[in-house]
Amino acid sequence: MEFYSAHPTCQETIATTAANHKVAHTTSGVSSWLAPVAYLLGRHVLLPSFFGHIQITGQENMPSTGPIILAPTHRSRWDALLVPYAAIACRAKKDLRFMVTSSECTGLQGWFVRRLGGFPIDPKRPAISTLRHGVELLEQKKTLVIFPEGGIYRDGEVHPLKPGIARLALSAEASQPDLGIKILPISINYSQPYPNWGTDVMIHIAPPIKVADYSNGCVKQNAKRLTADLAKALQQLSHQETEITNPTFVEMPNS
């Protein structure tokens, strides 16, 4: 998802646009009753009923506090349920917020998405208000989910990442001293390109990337370097053996 132009920083773009135009404010929220019910049913009913085994490695890499961007590969619409499944136990009482395409926020699906922390972005014409909201969420030490490839790819390969995630993270990190944003690379792989009943799922979580390590010097070059390091981490995760023997995984048998 190409969030904004290559030259100005996100913060600069937001400030300039706000000075010249009245910018609508994007919001997101999590329903106090729907989210707990959805997570409970998803974790204990829907996911274990549909999938064969869900194996997770690297949950110890998930920070329990502070602002985090979860950056998963995108292989299926099921990813939006599996990311919370892998993260919610480690981020107790930390509601996830999702930056999703505008098409996913329409109709009945959109009703649920809006109430489970989702907010829309138009990948072709991203609104400044959406970018500003992403920065605000990180400033509030929320957990933000962004799929850095921008779309669903079923060939198992990591596709070129969109630069917006790095620029958004750097802009938010620059907005507050010692904010401490971390980007967590997550690889999601299915035993079948189009998941159906009984499909196995492998989720690998890498150690977090500290955004502050990319805060010195040219913003444009820092964003390129951060994007490249995130891509490298995702590629390394995706090339791990699908048959996991590491004893630190969480396995959920079909029942």
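Keep in mind it's a predicted model, so treat the numbers as computed, not measured.
Evaluation of the ring pair (Phe, Tyr, Trp, His ring centres under 6.0 Å) rule for Tyr190 yields no partner, not counting sequence neighbours. Scanning for ring pair (Phe, Tyr, Trp, His ring centres under 6.0 Å) contacts around Phe112 gives an empty result, with sequence neighbours left out.
Across all their heavy atoms, Pro148 and Leu234 have their closest contact at CG-CD1, 4.1 Å. The heavy-atom pair separating Pro163 from Thr227 by the smallest distance is CA-OG1, 4.1 Å.
At distances below 3.5 Å, not a single donor-acceptor pair connects side-chain atoms of Asn189 with backbone N or O atoms of Met202. Of the possible donor and acceptor atoms, one in the side chain of Arg154 sits under 3.5 Å from a partner among the backbone N and O of Pro193. A donor-acceptor pair under 3.5 Å is formed between the side chain of Asp79 and the backbone N or O of Ser76. Put simply, the side chain of Glu173 gets close to the backbone of Gly180: a donor and an acceptor are under 3.5 Å apart. With Thr199 contributing its side chain and Gln192 its backbone, the two residues share no donor-acceptor pair below 3.5 Å. With hydrogens and angles ignored, the 3.5 Å screen pairs a side-chain donor or acceptor of Asn61 with a backbone N or O of Ile205. Put simply, the side chain of Asn222 gets close to the backbone of Asn216: a donor and an acceptor are under 3.5 Å apart.
Trp33 and Leu40 fall into different hydrophobic clusters, where Ile, Leu, Val, Met, Phe, Trp and Tyr side chains are chained together by heavy-atom contacts under 4.5 Å. Cluster annotation: Ile203 and Leu47 are assigned to the same hydrophobic cluster (Ile/Leu/Val/Met/Phe/Trp/Tyr, side-chain heavy-atom contacts under 4.5 Å, transitive). Taking hydrophobic clusters as Ile, Leu, Val, Met, Phe, Trp and Tyr residues chained together by side-chain heavy-atom distances below 4.5 Å, Phe98 does not share a cluster with Val30. With hydrophobic clusters built from ILVMFWY side chains whose heavy atoms lie under 4.5 angstrom apart, Leu179 shares a cluster with Tyr214.
Between Leu184 and Pro63 the shortest side-chain heavy-atom distance falls below 4.5 Å. At a threshold of 4.5 Å between non-hydrogen side-chain atoms, the residues Ile68 and Leu144 do not count as touching. Residues Trp111 and Leu34 are in side-chain contact: their nearest non-hydrogen atoms beyond the backbone lie under 4.5 Å apart.
Note on ring orientation: taking the six-membered ring where Trp is involved, the planes of Phe51 and Trp78 are perpendicular (angle over 60°, cut-offs 30° and 60°). Aromatic ring orientation, Tyr153 versus His159: parallel (interplanar angle below 30°, classes split at 30° and 60°).
In this structure, the separation between CZ on Phe119 and CZ on Arg97 is 8.5 Å, given to the nearest 0.5 Å.
A salt bridge links Arg75 and Glu149; the closest N-O separation between the charged side-chain nitrogens and carboxylate oxygens is under 4.0 Å.
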**Report entry** Criterion side-chain hydrogen bond (donor to acceptor under 3.5 Å, both in side chains) on Thr27 and His133, from CA distance to verdict
**Finding:** CA-CA 7 Å; Thr27 61; His133 185 55; over 6 Å; no
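Atom CG of Asn196 sits in a crowded spot, with more than 12 heavy atoms from other residues, nucleotides or ligands closer than 6.0 Å.
Of the listed residues (Ile183, Asp213, Leu161, Ile165), just one forms a side-chain contact (heavy atoms from CB on, under 4.5 Å) with Leu226, and that residue is Ile183.
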